[in-house]
Amino acid sequence: MTSTYDVLLGRLRSAFDAIAKGADPVLRPSDRSDYQANGVMALAKLRGMNPRDTAALVLSHLDLEGVADVEVAGPGFLNLTLTTEFLNEQLRTLLDDERLGVGTLSGRIAVIDYSAPNVAKEMHVGHLRSTVIGDALARMYRFRGYQVISRNHVGDWGTPFGMLIEHLLDLGEDEAIASLSIGDLDSFYRGARAKFDSDDAFKERSRARVVALQSGDAETRRLWQILVDESVAYFADVYAALDVTLTPADVVGESYYNDMLEDVVSDLDAAGLLVESGGALCVFPEGFTNRDGEPLPLIVQKSDEGFGYAATDLAAVRDRVSNLHADEILYVVGAPQGQHFEMVFAVARAAGWLPASVRCEHVAFGNVLGADRKMLKTRSGETVKLVGLLDEAIQRADDALALRSNNLSQDERRHLARQIARAAVKYADLSTDRQHDYVFDLDRMIAFEGDTGPYLQYAHARLRSIFRRLDVPWDPNTAIFALHHDAERHLALGLLAFPEAVDAALATLQPHRLSGYLFDLAQRFTTFYEACPVLSATEPTRTERLALCELTARTLSLGLSLLGIEAPDQM
Ligand code: ARG
């Protein structure tokens, strides 16, 4: 089905087009009417006309079927109020539509680069943000009909691997595997680092090992593979705990691009973009300067002949465009890497690897802060482990459930606690503008009241419980939406706005556009539920209200699932 929003926007576009091609209306939900159309002022400017006259002209071209009232407001806004018949029709179609009005595109490919932890290093809260935001985007894109290719650009190459492999040998393979497989990645890394910094012989061995690794020495490769496999297995456990859709097959680490790096260099050279600077091979993309106004280099090959992070990302862009045929490439990575990506994109464009038709974006995000508003750290000043946070959230949820009178078994309660904990952690991340920092406050995140994941889960479960208490069956097909009560109408308009929220989240790459919508819908529902008895209402009102409940439950459940949050039926 076409959403109400799309129907109205389509009509407005035709009216605008009939007056002046290229003028674009903006339609948004409004408090005073049902929708408000903006853009008349721009149209008036284009035509050299007075805005109110232009509004009148738009109206004379506008298909007003289903519109009860139009009002020209202020300096040329059009306020549209819909008829109940039209809303009824739209809601009835919604009842039959599993997708709740969200359309599907086809033939578009999106490559989403997210999570990307580093081998033999703990996943920290920055990786949590990337994983949670990236996974929500992947789910939304998939639902919208895109073919999504997830790329987990794991850091599995570079000079640290010399010391990591030597440390592995010192510990003995079995011992090393044992320590890595329990997820003690950081102490393994720290052990290697400590020796590297204090023991010259170890340092020498490590250097030689890097050379062996780069030249493809088979035994060195085997040892390297152990580190990679153990780490990737550990990441998979974290992904399972978080319930994200990444799989081991999505791991395409930095090492994957090794064989492409020579070509990156020679092709940049052939394109006349490569400059030698201080022994390194660099590109100076236009428009990037340092604080002193000097051109800024993107280092492609270092003076020791090694390739770095930038070279790999150049190879990756190229691979994603020419081999994966991406229409969109998203990089869900922390804001501090902003300049790196801008420069990589600029060089890729200059080299002709990244056509303008491909949307390529750094989906940047801010920091996770502690209660003291500083970077989240443990008491001893270490970076906080992701799994630890989740475990704590599960414990809190379990405690909260224990206080409620429910007849869940121990196992059921634990399962539910997991679902709630994940919702709490993910929702807190997805409900703020991703560019902003947010404070990691478990007490607030896990609360059943307020703008939280558990609150939305609870709203959904409460709706489902209405249907469990149903003594006389109901038939959704007979629902007629008369919408006599304001609260019913308000809820109905909220339900019809779902496709718009999904599209807004995708267009801006901001999941909080969807979570904000869901929170608003839950509040509309609460208002409705307080004002309008459901089960005790007489027919046909009872069926109408049950249908509104059903649509609300489905919208919450589908919307949460697009954010990667489960909606249990009972809480
Ligand atoms: N491994 C990197 C880090 O931990 C993130 C990689 C992001 N993706 C990319 N294509 N550069 O900071």
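Note that ligands are numbered from 1 as they come in the structure, with each ligand's atoms numbered from 1 the same way.
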Colleague: Taking the six-membered ring for Trp, are Tyr309 and His153 parallel (under 30°), tilted (30 to 60°) or perpendicular (over 60°)?
Modeller: perpendicular
Colleague: How are the rings of His167 and Phe202 set relative to one another: parallel (under 30°), tilted (30 to 60°) or perpendicular (over 60°)?
Modeller: perpendicular
Colleague: Who's the nearest protein heavy-atom neighbour of atom 2 (C) of ligand 1, and how far?
Modeller: Ala116 O, 3.6 Å
Colleague: Between atom OG1 of Thr452 and atom CG of Asp443, what is the distance when rounded to the nearest 0.5 Å?
Modeller: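 Those atoms lie 12.0 Å apart.
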Colleague: For Asn118, take its heavy atoms, then give the atoms of ligand 1 lying under 4.0 Å from any of them.
Modeller: 1 (N), 2 (C), 3 (C), 4 (O)
Colleague: Looking only at distance, does Asp113 have an N or O less than 3.5 Å from an N or O of ligand 1?
Modeller: yes
Colleague: Counting from 1, what ligand 1 atoms have a heavy atom of Tyr309 closer than 4.0 Å?
Modeller: 2 (C), 5 (C), 6 (C), 7 (C), 9 (C), 11 (N)
Colleague: Go through it in stages, so that I can follow the logic: the residues are Asp429 and Tyr438, the test is side chain to side chain donor-acceptor pair (under 3.5 Å), and I'd like the CA-CA distance, side-chain angles, deciding distance and then a yes or no.
Modeller: CA-CA 8 Å; Asp429 198 308; Tyr438 77 93; 3.2 Å; yes
Colleague: Enter the distance from Met445:CE to Lys426:NZ here, rounded to the nearest 0.5 Å.
Modeller: 12.5 Å
Colleague: Report yes if Pro117 has an N/O atom closer than 3.5 Å to an N/O atom of ligand 1; otherwise report no.
Modeller: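 No; every N/O pair is 3.5 Å or more apart.
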Colleague: Would you say that Thr247 contacts Tyr239 through its side chain, given a criterion of any heavy-atom pair below 4.5 Å between the two side chains?
Modeller: no
Colleague: Quick check: His340 and ligand 1, any N/O pair under 3.5 Å apart?
Modeller: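 Checking ligand 1 against His340, no N or O pair falls under 3.5 Å apart.
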Colleague: Quick one: nearest non-hydrogen protein atom to atom 9 (C) of ligand 1, plus distance?
Modeller: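 For this ligand atom, the closest protein heavy atom is His153 CD2, 3.4 Å.
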Colleague: Counting heavy atoms only, which part of Val154 comes closer than 4.0 Å to ligand 1: side chain, backbone, both or neither?
Modeller: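 Contact part for Val154 vs ligand 1: neither.
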Colleague: Does Gln337 have a heavy atom less than 4.0 Å from any atom of ligand 1?
Modeller: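 It does; at least one heavy atom falls under 4.0 Å.
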Colleague: As an exercise, identify every atom of ligand 1 less than 4.0 angstrom from a heavy atom of Tyr331.
Modeller: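 That gives atoms 10 (N) of ligand 1.
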Colleague: Using a 4.0 Å cut-off to any heavy atom of Phe341, which atoms of ligand 1 qualify?
Modeller: 9 (C), 11 (N)
Colleague: I'd like a table of donor-acceptor pairs (distance under 3.5 Å, sequence neighbours excluded) in which one partner is a side-chain atom from residues 251-259, with atom names and distances.
Modeller:
unit_1, atom_1, unit_2, atom_2, d
Ser255, OG, Asp156, OD1, 3.4
Ser255, OG, Asp156, OD2, 2.8
Asn258, ND2, Ser255, O, 3.4

Colleague: How long is the straight-line distance from CG of Leu213 back to CG of Leu223, given to the nearest 0.5 Å?
Modeller: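 So the gap between those two atoms works out to 9.5 Å.
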Colleague: Under 30°, 30 to 60°, or over 60°: which ring-plane class applies to Phe161 and Trp224, parallel, tilted or perpendicular?
Modeller: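 If you compare the ring of Phe161 with that of Trp224, the planes turn out perpendicular.
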Colleague: Could you grab the distance from atom CZ of Arg129 to atom NE2 of His124, nearest 0.5 Å is fine?
Modeller: 13.0 Å
Colleague: Using a heavy-atom cut-off of under 4.0 Å, does the side chain or the backbone of Asp313 touch ligand 1, or both, or neither?
Modeller: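 The answer is the side chain.
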Colleague: Counting only heavy atoms, which portion of Tyr257 has something under 4.0 Å from ligand 1: side chain, backbone, both, or neither?
Modeller: neither
Colleague: Looking only at distances, please establish whether an N/O atom of ligand 1 is found under 3.5 Å from an N/O atom of Glu254.
Modeller: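 In fact, backbone or side chain, Glu254 has no N or O that close.
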Colleague: Test your reading of the structure: does Arg320 have an N or O sitting under 3.5 Å from an N or O of ligand 1?
Modeller: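 No - when backbone and side-chain N and O of Arg320 are compared with those of ligand 1, no distance drops under 3.5 Å.
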Colleague: For ligand 1, is His127 a contact, meaning one of its heavy atoms is under 4.0 Å away?
Modeller: yes
